[in-house]
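For reference, the structure discussed in these notes is given below.
Values below: all heavy atoms of this structure, side chains included; hydrogens, waters and symmetry mates excluded. All ligand and atom numbering here is 1-based and tracks the order in the structure.
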Amino acid sequence: MGDCGTLAGVANELSVAFGVNGERHKLTLDPRESLLDVLRERLALFGTKKGCDQGQCGACTVHLDGRRVVSCLTPAVQAAGHEVTTIEGIGRDGLHPLQRAFVEHDALQCGYCTPGQIMSGIACIAEGHAGDDDSAREYMSGNICRCGAYAGILQAVREVA
Ligand code: FES
Ligand code: FES
């Protein structure tokens with residue numbers, strides 16, 4: 001049978017420091033905590049959404065040093081020494097061109113997937129994967145929209161690219 005003492009040993013907390021949207025944070029973390037939970041529950045950054053919590057929907061997409069990651073599958077301790085950008089960081093100095101394009105192209109309905117779509121879209125464009133419709137569709141395919149706003153999302157990403 002399992003032994004609680006062993007589990008407690010595995011869960012030793014770690015002190016880590018990382019940046020979020022330009023602000024430095026120092027936190028004591030359980031190594032099992034996801035970056036998504038830390039952003040939402042410790043730092044009150046609720047723009048990043050929890051959909052599946054299994055890496056399947058893209059709702060939790062953020063940037064880690066400019067590269068997109070699904071934050072539900074990223075241990076928060078992995079952000080140590082790095083810079084995390086969330087949707088709140090993108091909109092800090094006024095709407096990002098992709099946020100404006102989402103509004104213009106009606107690329108959202110309920111809006112639940114939208115922060116993840118925008119974080120993914122910005123990265124997709126920066127990666128050079130939004131040069132044509134097929135490529136943009138493929139490289140945005142990790143972001144699911146249950147409302148089916150895909151046509152508008154594609155138009156918005158292509159326009160900004
Ligand atoms: Fe992270 Fe769905 S909540 S991929
Ligand atoms: Fe509703 Fe995408 S706008 S899930």
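Between H25 and F18, the ring-plane angle classifies as tilted under the 30° and 60° cut-offs.
Between the side chain of R42 and the backbone N or O of D37 there is no donor-acceptor pair closer than 3.5 Å. In terms of modelled atom types and a separation under 3.5 Å, the side chain of S135 and the main chain of D132 share no donor-acceptor contact. No donor-acceptor pair under 3.5 Å is formed between the side chain of N143 and the backbone N or O of C113. Distance alone, capped at 3.5 Å, is enough to place a donor-acceptor pair between the S71 side chain and the C60 backbone.
Under the 3.5 Å distance criterion, with hydrogens and angles disregarded, a donor-acceptor pair is assigned to the side chains of S120 and R68.
Residue C110 does not count as close to atom 2 (Fe) of ligand 2, with no N, O or S atom under 2.8 Å. Here C113 meets the criterion, with an N, O or S atom under 2.8 Å of atom 2 (Fe) of ligand 2.
Nearest non-hydrogen protein atom to atom 3 (S) of ligand 2 is Q109 N, 3.2 Å.
At a 4.0 Å heavy-atom cut-off, ligand 2 does not touch A149 at all.
Distances shorter than 2.8 Å separate atom 2 (Fe) of ligand 1 from the protein N/O/S atoms C52 SG, C57 SG.
Counting the atoms of ligand 2 from 1 in the order shown, those under 4.0 Å from a heavy atom of R146 are 4 (S). In summary, the atoms of ligand 2 found under 4.0 Å from a heavy atom of C147, numbered by their order in the structure, are 1 (Fe), 3 (S), 4 (S). Those atoms of ligand 2 that come under 4.0 Å of a heavy atom in G111, given as number and element, are 1 (Fe), 3 (S).
Checked against I87 for a side-chain contact (heavy atoms from CB on, under 4.5 Å), the options K49, Q99, H96 give a single hit: Q99.
The number of heavy atoms from other shown groups lying within 6.0 Å of CZ (R100) is above 12. Heavy atoms of other residues, nucleotides or ligands lying less than 6.0 angstrom from CZ of R92 number more than 12.
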